[in-house]
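Note that ligands are numbered from 1 as they come in the structure, with each ligand's atoms numbered from 1 the same way.
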Amino acid sequence: MARTFYIETFGCQMNVHDSEKIAGLLLSSGYRQVDNVEEADLVLYNTCSIREKAAQKVFSRLSQFRKERGAGKLFGVLGCVAQQEGEQIFEAAPHVSLVVGSASYSRFSELLAQLESGQRRVAGLSLDTEETFETEFTRRDNPFRAYITIIEGCDKHCAYCVVPFTRGPERSRTSQSVLQESRRLADAGYTEIQLLGQNVNSYRDPSSAAVSFAQLLAKIAEVPGIRRVRFTTSHPRDFTPEIVDAIDSHPVLCNHIHLPVQSGSTEVLRRMRREYTREQYLERISWIRRAKRPISISSDIIVGFPGETEANFEETLALLDEVGYDSIFSFQYSPRPNTASLELEDTIPEEEKGRRLRVLQERQRNIQLGRNQTFLGTIQEVLVEGRNSREEQGRTQWKGRTTQNMVLNFTVPDGLGPVPSPGEYREVQVTRVGPNSLAGEAVSGVVVRSSRKYPESQLRVL
Ligand code: 5AD
Ligand code: SF4
């Protein structure tokens, strides 16, 4: 009987995609995937340690299966907590027998073989690598969006961030290998590709072709069959006007850039070691705003970084207005192991950090409401993701995503072509807006039909 595995993923899209690759490797070596721990012989947690709360999740999961419930099962901890805590995990959770950081995934099959041959504890924790994790066996979970990691690791040293310690040094894949994978995905019927990297635009082609990030974007946009290309996360220091030029010349490159600012105060940015000032960040925003089509901009923001004064915080609030973000992810500062900011005195009380977060989110909510109003009446092309469980005035409501990566829920008037199916593109007129999504009505039949067959399990009601 085939052995079974269960994998649960925490954290960012890089982690989500790493799990897709690990799952692919396991399937190719005869394992079967199950969707609960009970049925699994091998239980894997792919972990995140970006903030304390995220890191804690895996330990609470592991403790649920500490004793008899975990009997006969093998437990493995992968990813950022694995790298950060290393073999200490074996002490803290003795039922764990596999600990692997992401920089060792290229050795995953070898480590798995050691585990299968009965080794009690197997660890892959070296950070000293020039390799990226490439496999032909990726089992893609997202039926619409195919991820491609183009650069792994991080060479920046932001004072608050664990990533350089958990994912190791920066290493890029060759442009040939990225293009080959893009073509394979297009042949398999994917129409949307998302390029991934902790600092995706710090990409440096290691081959003699020496393709720049902006050139790579253009080349992928030209792959026949690809209708949307996204990329995340861009680092402001390495953001160039050529990226905007590429977007201008290739409509396939989506109207969205995620460009985390972290703080609106140059003084805080300096202490965060972000390597840019508020003014330099705003200069990049001005390049984006000069593009021929409106590009939506999103950001990450940390409040309560050590020493952040009320005046510093006000500068962040003012920056929200000045940039006019379409969405943000915002966080309270959380001290992390090994990071430089541990040396800075963290004197801001938790309640004050919480207050700043609420104020920031309220301000952003209003900005989004205002920005989303500008979509009223416009026609947007959406990629259909599925059917919503909620109905809209007795009509089935569908979920679509715009090129800006916004959710646009829509209904289809009678007589307008077939019922939408996931993976196809439709044109929708926006009739209502909220702070976080848009709603509207389809105005055309199918624009582009999907050639992919979606497994029944992926066609769940959203
Ligand atoms: N505390 C709070 N937020 C953090 N981030 C990274 N490290 C920390 C930390 N120590 C946020 C940053 C980053 C996002 C992925 O998580 O905003 O861009
Ligand atoms: Fe979490 Fe960062 Fe690791 Fe992604 S790279 S899983 S966000 S710690």
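Here R3 does not pair with D41 in a salt bridge; the nearest charged N to carboxylate O distance is not below 4.0 Å. The existence of a salt bridge linking E267 and R271 is confirmed by a sub-4.0 Å separation between a basic side-chain nitrogen and an acidic carboxylate oxygen. Salt bridge status for R107 with E131: absent, with no side-chain N to carboxylate O gap under 4.0 Å. For E362 and R356, the salt-bridge test fails: no basic side-chain N is under 4.0 Å from an acidic carboxylate O. Using a 4.0 Å cut-off between charged nitrogen and carboxylate oxygen, R237 and E275 count as a salt-bridge pair. Electrostatic pairing of E152 and R167 does not count as a salt bridge here, judged by no charged N lying under 4.0 Å from a carboxylate O.
Counting heavy atoms closer than 4.0 Å to ligand 1, residue I302 contributes side-chain atoms (C-beta onward) but none from N, CA, C or O. Looking at Q332 against ligand 1, only its backbone comes within 4.0 Å, counting heavy atoms. The proximity of F331 to ligand 1, defined as any non-hydrogen pair under 4.0 Å, is limited to the side chain.
Heavy-atom proximity to R51, at under 4.0 Å, picks out these atoms of ligand 1: 1 (N), 2 (C), 3 (N), 4 (C), 5 (N), 11 (C), 16 (O). The atoms of ligand 2 that sit less than 4.0 Å from any heavy atom of Q198 are 5 (S). Each of the atoms 12 (C), 13 (C), 17 (O), 18 (O) of ligand 1 lies under 4.0 Å from some heavy atom of Q262.
Residue-to-ligand polar distances place S334 within reach of ligand 1: an N/O pair is separated by less than 3.5 Å. Ligand 1 has no nitrogen or oxygen under 3.5 angstrom from a nitrogen or oxygen of Y333.
Among protein atoms, those of element N, O or S found less than 2.8 Å away from atom 3 (Fe) of ligand 2 are C80 SG.
K219 and S182 form no side-chain donor-acceptor contact under 3.5 Å, judged by distance and modelled atom types alone.
Of all protein heavy atoms, the one closest to atom 7 (N) of ligand 1 is Y160 CD1, 3.3 Å.
Ring centroid separation for the pair F231 and F213 comes in under the 6.0 Å cut-off.
Rounding to the nearest 0.5 angstrom, the gap separating the CD1 atom in I89 from the CZ atom in R121 is 11.5 Å.
Figure legend: R145 and Y190 shown without cation-pi pairing, the cationic atom not lying both under 6.0 angstrom from the six-membered ring centre and within 45 degrees of its axis. Cation-pi geometry between R284 and F239 is not met: the NZ or CZ atom fails to fall both under 6.0 Å from the ring centre and inside 45° of the normal.
With D300, V163, V261 as candidates, the residue nearest to atom 14 (C) of ligand 1 on a non-hydrogen basis is D300.
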